[in-house]
Number of protein chains: 2
Amino acid sequence: MSLTDLFDPDSIAVIGASKTPGKLGNDAMANAKEFDGPVYPVNPSGEGEVYGYEFVASVGDTDADLVLCCVPGQATPDVLEECGEAGVGAAVVFAGGFAEAGERGQTLQTEVRNIADEYDINILGPNTAGHIIPHRNLFSSFVPGFDDIESGDIAIAAQSGGVGVTATFQLDREGYGTAGMYGLGNRANTDFDDVIPILDEDPETDAIALHIEGTKEVDATIEAVEAASTPIVALKSGNEMEEFVQAHTAAPIQAYDRYDQAFTDAGAVMADSMTELLDASHVLAQCPQADGPNVGLVTAQAGPGIMMADYLDERGANFPELTDETRARLEDILLGFTYDRNPVDTGRPMPEFGDVIDAVGRDDNVDIVLVYEIFEHSLGYPVEELEQLTSDIDKPVVFTVAGPNEALSDDRKRMEDLGIATFDSPERGAYAASVLAETSR
Amino acid sequence: MSLTDLFDPDSIAVIGASKTPGKLGNDAMANAKEFDGPVYPVNPSGEGEVYGYEFVASVGDTDADLVLCCVPGQATPDVLEECGEAGVGAAVVFAGGFAEAGERGQTLQTEVRNIADEYDINILGPNTAGHIIPHRNLFSSFVPGFDDIESGDIAIAAQSGGVGVTATFQLDREGYGTAGMYGLGNRANTDFDDVIPILDEDPETDAIALHIEGTKEVDATIEAVEAASTPIVALKSGNEMEEFVQAHTAAPIQAYDRYDQAFTDAGAVMADSMTELLDASHVLAQCPQADGPNVGLVTAQAGPGIMMADYLDERGANFPELTDETRARLEDILLGFTYDRNPVDTGRPMPEFGDVIDAVGRDDNVDIVLVYEIFEHSLGYPVEELEQLTSDIDKPVVFTVAGPNEALSDDRKRMEDLGIATFDSPERGAYAASVLAETSR
């Protein structure tokens, strides 16, 4: 059993590879073809090539480390035997009809697990959409379009492949990509406690997003979360609809509360929605840890600033008094025209907006800098001032952007490159700041 | 006093118009120039033209119905006197420094109000970003880029101009546009109870989104909400930070609870965030009212479906048993392979996905149809089946889309054209369904 073969294989075989568009074995090849090492389409009745790779009759004719099993559930045990004999170290099993599908499926899964254990094969799944690691050009999934996913710094380990796929595409739409997506599915012998330590050690992964419906390995998972130094955000799903959940990934029925307290104690952030899961992961991946829960809020528009203050206040964040030095500096810049307490409101974007952020950011009472500004083309965002500020202080900066589409492009990207986390609605920015407050020392 | 001159003027004057980029009077002209009727840039020291319109020395030389006052607060009373003499019926006052700014500002606002009352002028503001009505090409605002906002079916009335602007750009980024955005600011003599009845009667407005920090006209506002037949969604902000809120739009300090109960009783939906405000407005504008709170959930991916079921269950929505007839139809389509209760899970997108939605949508036990599907290019979304279904049943359909960027383009737009509300994350789709359940008969 080698997790290395799952996470960093030298060669891949696609068992059940097909030339026919729409077939699982074709969709999997369409993604696998991006791999830099050897890719073997395996099919005894395959002739010629698929995506430029010549068909191979048997996995025994390959040196594959990792196989993608594109065969029906019932055929899986035989295929795994062959893989075992061929020295394969890891297998992604897409098929359903295992432990999630009643007693017969449970028996089939036990059989698969026994074969895997006998031959030391790490199984991802069964009943999974697979995994992708864009920075290794490894796309072990049948999901169309996955080969276009860019590399990023958030890794996703999802019990539900569908949730993992949804999260991956959502990150991609927002321009972030992923450090890796792992659909664990039925977790035959690869569970959260196996994956978390690998992701924790992965230098590409700066935050780990977990989607959990339920696992028998709760204690080991919590230990893995506790041991990790990479920030972890978790979403516990399947708190209702028990029958439906069991029919999905064979999750044992476990109360949310059991996870909530233990995960929080272990240092994870519990998210309530897909967007929270990804936003919390993003802000923790982007920003340095906050030294405390004290938020300095600078806004160019009072109304959204008030909405954010409401949001943070409900979640127990603190808005400290600014120091006399900061207030004197703000008074010089703002001439007493607008509100110069904390939150600091400049009334409208202005050329001095960057100086206002700088003053608040350098205030010793402030641990977390939260900014709101509606983009105006003639001013842009204060990227240069922020570049200086972020190089001088080791505090997280969250910049909430608004405005026309262009507000979400170049300047925003430049701020992200500075290690500033950007979000596009008042509640998303405020949520990110609340996560920083929650995870502060 | 004529609200018609505010909402549907025949001609506009921009007082303090300027050729200098970045000046308020230039930004306002940049938007006002889109108007189809006469636009008069007024400035006694103006020479030549600005944006192709010839300067006029005085508002008295124009037949303007509506003026945009781009002058400092202190100059506003004199300008309004002139406007009154010239027969102007409505004025947008952008300047701050009025009731939000202490005693002197309060005195100034009283003076402005008295003049407005004397001459029957409707004041929008002071201390506002103005208003826009794209379908009339009326852009009475200084906000750069506002002239590109498209026409839509949601009207926004925001106490904070900044919130109104944020909401407008957010709608625009999502491709929806607005039926009108009204920044009420300090509400000198035009308050929520004046605007709501106008929006209620506007045939372009299918939902009204309110942002309220606080108004002395609470009772009249609640009466207006109750009298309206157009769906209304409200976000009450400024529950904390009292001093900051007063310094913003001179809102009286009023507890959230006072609004929450009264607005809910009056038939409004209370939203907790910008995205909820706009999503609730969107689903109510798009969809027919639900006959009850019974949700039929069809998902092509179990995991996100479970997340949505969790969300809805917490908010008291109901997942009814499907009729025997529906289950027999589903059994024919799905062959018992996946979960055919409610939620119905097809396991993956499939050519028959539209038939599954059709079966659930026609079920007599189902009031609200909620769908989740990750886009696959080879299948697309089941637009044709949905076209037939939505023409046969008078039930709301919410379609939650996921996938690569293309998932959010053509097919999604075609579904919106059918009166289906689409959302791009599990929690947004589930929230929309919860709003339909809450507002069902």
Side-chain angles (χ1 to χ4, degrees), chain A residues 21-22 96 143-145 148 158-166 169-170 172-173 211 213 235 237-241 243-245 247-249 272-275 301-307 309-311 313 319 338-339 341 343 345 347 374 376-378 402-405 407-408 424-427, chain B residues 21-22 96 143-145 148 158-166 169-170 172-173 211 213 235 237-241 243-245 247-249 273-275 300-307 309-311 313 319 338-339 341 343 345 347 374 376-378 402-405 407-408 424-427:
Chain A
V143 175
D148 287 331
Q159 184 150 351
S160 155
V163 169
V165 173
T166 298
F169 279 127
Q170 188 162 329
D172 194 61
R173 288 201 307 270
H211 163 262
E213 291 181 346
L235 188 148
S237 181
N239 305 309
E240 305 295 337
M241 306 270 164
E243 197 186 340
F244 183 31
V245 176
H248 178 213
T249 55
D272 281 335
S273 69
M274 177 65 76
T275 302
Q301 284 85 15
I306 290 169
M307 287 171 63
D310 274 358
Y311 187 101
D313 195 88
F319 293 93
T338 49
Y339 196 75
R341 304 296 181 94
D345 165 33
I374 300 176
E376 295 197 5
H377 189 70
S378 59
N405 260 322
L408 308 184
D424 70 359
S425 76
E427 67 275 3
Chain B
V143 176
D148 287 331
Q159 185 148 350
S160 155
V163 169
V165 173
T166 298
F169 279 127
Q170 188 163 329
D172 194 60
R173 288 201 308 271
H211 163 262
E213 292 183 344
L235 187 148
S237 180
N239 305 309
E240 305 296 335
M241 306 272 165
E243 199 188 337
F244 183 31
V245 175
H248 178 212
T249 55
S273 70
M274 178 64 77
T275 302
Q301 285 85 15
I306 289 168
M307 287 172 63
D310 274 358
Y311 187 102
D313 196 87
F319 292 93
T338 49
Y339 197 77
R341 304 294 180 96
D345 165 31
I374 300 177
E376 296 196 6
H377 190 71
S378 60
N405 260 323
L408 309 184
D424 70 0
S425 76
E427 66 276 3

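Heavy atoms only: backbone and side chains are in, while hydrogens, waters and symmetry mates are out. Numbers restart at 1 for each chain; the letters A, B, ... are given by sequence-line order, proteins then strands.
Contact annotation for Pro304(A): both backbone and side-chain heavy atoms come within less than 4.5 Å of a heavy atom of chain B. Heavy atoms of Asp313(A) lying under 4.5 Å from chain B belong exclusively to its side chain.
Most heavy-atom pairs under 4.5 Å with chain B, from the set Pro426(A), Ala302(A), Ser160(A): that is Ala302(A). Of the listed residues (Gly162(B), Gly161(B), Ala300(B)), the greatest number of heavy-atom pairs within a distance under 4.5 Å of chain A belongs to Gly162(B).
For Tyr311(B), there are no ring pair (Phe, Tyr, Trp, His ring centres under 6.0 Å) partners at least two apart in sequence or on another chain.
In terms of heavy atoms, Arg173(A) sits closest to Gly403(B) at NH1-O, 3.0 Å. Of all non-hydrogen atoms in Gly303(B) and Glu213(A), the two that sit nearest each other are CA-OE2, 3.8 Å. Nearest heavy-atom pair, Thr275(A) versus Ser425(B), reported as atom, atom and distance to 0.1 Å: OG1-OG, 3.9 Å. Residues Ile306(B) and Ser237(A) share a closest heavy-atom pair of CG2-OG, 3.5 Å. Taking every heavy atom of both residues into account, Met307(B) and Val163(A) meet most closely at SD-CG2, 3.7 Å.
The backbone N or O of Met274(A) lies less than 3.5 Å from a partner atom in the side chain of Glu427(B), making a donor-acceptor pair.
Atom-to-atom distance recorded for Gln301(A):CD and Thr166(B):OG1 is 6.0 Å, nearest 0.5 angstrom.
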